[in-house]
Every structure is written in C-alpha cells, then in structure tokens.
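Reminder, nothing fancy here: chain letters follow the sequence lines and each chain counts from 1. Heavy-atom basis, side chains included; hydrogens, waters and symmetry copies ignored. Note that the structure is predicted; figures quoted are calculated from it, not measured.
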Protein chains: 2
Amino acid sequence: MSYLNLDVQICHSLYSATNALIRAYRPLLEPLGLTYPQYLVMLSLWQEDGVSVKHLAEHTRLDSGTLTPILKRLESKGWLQRVVSDQDERQKSIQLTAAGRRLRKKAESIPETLACQVIGNPEEALQLKALCESLYSTLSGADKP
Amino acid sequence: MSYLNLDVQICHSLYSATNALIRAYRPLLEPLGLTYPQYLVMLSLWQEDGVSVKHLAEHTRLDSGTLTPILKRLESKGWLQRVVSDQDERQKSIQLTAAGRRLRKKAESIPETLACQVIGNPEEALQLKALCESLYSTLSGADKP
DNA sequence: GTAATTTATATTGCGCACAAACTATTTGCC
DNA sequence: GGCAAATAGTTTGTGCGCAATATAAATTAC
C-alpha cells in the first residue's frame with residue numbers, strides 16, 4: 001500500500017471531518033441567519049468589540065480578503081457597523097450594534113446542543129483540539145525566520 | 001469564560017488547521033495543475049479506475065454536486081473520461097486516460113514532502129487521523145435509524 | 001404494460017478561501 | 001518637507017461546499 005493511497009491521507013480525514021462538523025452547525029445557525037464563518041466573527045466580537053479588521057482576521061484566522069465580504073454581509077443584516085478610525089484612517093473599527101449584541105442570547109444554546117450530538121468522549125475532544133492547534137501553529141509558523 | 005468563547009471552539013481549531021494544511025498542499029500540487037479536491041479524486045482513481053460518480057463521491061466523501069464540476073475540469077485537462085455506462089445509462093464510468101495514469105508518477109513525492117514539513121510526531125499524526133475518523137463517522141451516521 | 005417511485009447525475013445560486021492586484025493612508029528616511 | 005516603503009483594507013477571479021431543483025433512466029407496483 002502506497003503513501004498515495006487515499007485512505008491513508010490524514011488531510012482527507014481532517015477535511016471530511018471538518019466539512020461534516022460545519023454541516024452539523026448549519027441547522028443550529030440557520031435560525032440566527034448566520035453561516036459558520038459569520039458565526040466565528042460574531043463570537044470574536046462578542047468577546048471583544050470595536051476592533052480592527054486586522055485584529056479580527058488574526059483572532060478568527062480568516063483571511064482579510066475573506067473577511068471583508070463577510071463583514072459587509074453582517075453589516076447589511078444590521079449586526080455591526082464598520083467605522084473609519086479617527087487616529088488612523090486606513091483602519092476600520094468593527095462595532096456591534098445593539099441588535100448584534102442581543103443576537104448572542106439566541107446563540108447561547110448552540111455549543112451545548114452541538115456537543116451533545118457530537119462528542120462521545122470529552123477527553124478525546126480536548127485531545128483533538130490540542131492536536132489541531134499544534135498542527136496549525138506548525139503550519140502558520142513554518143515559513144517564518 | 002463562556003462556551004461561546006471563540007478560543008474554546010473545537011470546530012474553530014479544526015477549521016483553521018484544515019485550511020492551513022490544504023494551503024500547504026498548494027505549492028506541491030501546483031506543478032501538477034491540481035487543486036486539493038482534484039487531487040483527492042485522482043488519488044481515488046489511481047487506486048480504483050472505471051468507477052461511477054456515486055462510488056467516487058463515497059470514497060472521496062465529496063458531494064455529487066461538487067464532484068460533477070471537478071470531474072469536468074479533470075476531463076478538460078485530459079486526465080480522465082466520463083463514459084456513459086452500457087448496463088445503466090444513468091451512470092457514468094470515470095476512466096483515467098494514459099496521461100492521467102502517468103500523472104501519478106509526478107505525485108509520488110508529495111506525501112513524504114508534506115509529512116516532513118508538518119508532522120512532528122508520527123504517533124500524534126495517527127492519533128489525529130483516528131480522532132477525525134471517529135468524528136466523521138459519528139456525524140455521518142448521526143441522523144440515520 | 002403503464003404509472004409511480006427511486007436512483008444517478010447535472011444544474012443553479014449563494015457564500016467562502018485565497019492569491020494577486022489595487023487604493024489609500026501612514027511611517028521612515030534624507 | 002518630500003519621497004520611498006510599509007500597512008490596512010478592498011477588489012477580482014477561480015474553484016469549492018452544499019442545499020435545492022431538474023432531468024432522465026431504471027425499478028417497482030399494480
């Protein structure tokens with residue numbers, strides 16, 4: 001059996017598991033009118049509001065070219081505003097609206113609902129997260145000095 | 001700290017690690033003119049040629065609505081043909097061309113090259129794969145009787 | 001043997017991922 | 001001060017993910 005065997009590819013397992021998990025989020029996010037990446041942005045803003053696009057990109061690990069259209073959609077839904085910064089006019093401050101802050105209430109049940117569907121063993125879940133974090137930091141630091 | 005905290009989300013770790021890993025494949029696949037999902041399809045066909053779209057969808061875990069355009073692109077690049085089946089005219093048999101089979105040679109170095117960049121501990125890699133497989137099978141069997 | 005159902009694949013439409021190119025500020029440098 | 005380089009964000013184009021719908025052939029029911 002060769003290394004080119006599909007069933008041996010770690011990335012294939014990772015890829016299909018991730019897609020399946022995001023698919024599982026969909027029915028829970030649909031009542032809020034959010035996609036999964038939009039949910040990530042809202043999670044970040046519920047934690048820390050009034051940040052720059054760059055900060056948001058780092059925290060959510062989304063590309064800025066991906067983030068801009070997401071932020072526009074969230075703005076058009078009335079959940080945030082993109083305000084040009086005073087000190088530095090290149091920057092935009094992303095600010096939740098009152099409606100955006102209220103949306104958090106509707107999201108509160110999501111993590112637990114999903115966990116019940118998905119997580120067999122909580123220890124394994126933590127292990128999976130740790131392994132992914134380790135992989136991510138290897139990859140994102142890979143080509144730096 | 002709430003369950004709505006971004007830094008606690010397993011899915012976020014999974015999502016960003018997967019995207020980063022696929023990004024790492026890109027420079028290795030670019031000389032072959034393949035994207036990662038196209039590479040998955042070719043891996044599957046190098047293992048088992050002349051299969052139906054349905055079979056390919058199951059093996060690669062790609063949706064048939066995703067697979068059709070991928071197969072068309074691979075066909076237009078001359079690496080496979082989509083032949084209507086004789087026995088059942090609804091089915092198409094996906095068949096590698098000679099060029100498609102030859103492409104395998106150029107792909108042979110990819111798994112090892114990537115593994116060297118990415119994998120610290122081979123045991124952890126296997127663990128990660130096993131956890132993803134377990135998650136995938138939980139999720140794909142979740143709503144069945 | 002024909003109608004209803006199921007199955008295999010294709011199409012459409014929206015949102016995301018990302019590289020590359022672009023615009024507009026700001027910061028350094030002299 | 002004036003100009004080059006760096007930085008923040010946007011735009012563009014290609015491909016994918018996926019739900020919903022469509023098409024067409026095969027199967028089942030009667």
Any salt bridge linking A/K72 with A/E75? Criterion: basic side-chain nitrogen under 4.0 Å from a carboxylate oxygen.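 Not counted as a salt bridge, because no side-chain N and carboxylate O are separated by less than 4.0 Å.
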B/R26 bridged to B/E30 by N-O distance under 4.0 Å: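 Salt bridge absent between B/R26 and B/E30.
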Please check this pair: side chain of A/S44 against backbone of A/L40, looking for a donor-acceptor N/O pair closer than 3.5 Å.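 No.
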Rounded to whole angstroms, how far apart are [atom1] on [X] and [atom2] on [N]?
X: B/D63; N: D/dT21; atom1: CG; atom2: C1'; value: 13 Å
X: B/M42; N: D/dG15; atom1: CE; atom2: P; value: 16 Å
X: A/K54; N: D/dT10; atom1: NZ; atom2: C1'; value: 16 Å
X: B/Q91; N: C/dA10; atom1: CD; atom2: C1'; value: 15 Å
X: A/L56; N: D/dA8; atom1: CG; atom2: C1'; value: 13 Å
X: A/I22; N: D/dC18; atom1: CD1; atom2: P; value: 8 Å
X: B/L34; N: D/dT14; atom1: CG; atom2: P; value: 18 Å
X: B/L74; N: D/dG15; atom1: CG; atom2: C1'; value: 12 Å

Less than 4.0 angstrom between a side-chain N/O of [X] and OP1 or OP2 of [N], yes or no?
X: B/R82; N: C/dA10; answer: yes
X: A/K92; N: D/dT10; answer: yes
X: A/K72; N: D/dT11; answer: yes
X: A/R26; N: D/dC18; answer: no

For A/S52 and for A/N19, locate the closest nucleotide of DNA chain D by heavy-atom distance; then report the residue assigned to the nucleotide nearer the 5' terminus.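 Between the two, 5'-proximity favours A/S52.
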Of B/T66 and A/S64, the one whose closest DNA chain D nucleotide lies more 5':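 Per heavy-atom nearest nucleotide, the more 5' residue is A/S64.
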Between A/Y36 and B/H12, is the side chain to side chain contact (heavy atoms under 4.5 Å, CB included) condition met? List the steps. CA-CA 10 Å; A/Y36 185 73; B/H12 184 220; 4.1 Å; yes
Which nucleotide in the set D/dT10, D/dG15, D/dC18 lies at the smallest distance from any side-chain heavy atom of B/Q38?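 Given the options D/dT10, D/dG15, D/dC18, the side chain of B/Q38 is closest to D/dG15.
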With a non-hydrogen cut-off below 4.0 angstrom, is [X] in contact with a base, only sugar-phosphate, or nothing?
X: B/L67; answer: nothing
X: A/L62; answer: sugar-phosphate
X: A/Q87; answer: sugar-phosphate

I want to confirm an ordering. Mapping A/E89 and A/P37 to their closest nucleotides on DNA chain C, which one lands closer to the 5' end?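 The answer here is A/P37.
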Less than 4.5 Å apart, side chain to side chain, heavy atoms only: is that true for A/V51 and A/L45?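 A/V51 reaches A/L45 side chain to side chain.
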Hey, is the side chain of B/R90 pairing donor to acceptor with the base of C/dT9 inside 3.5 Å?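 A donor-acceptor contact between them is absent.
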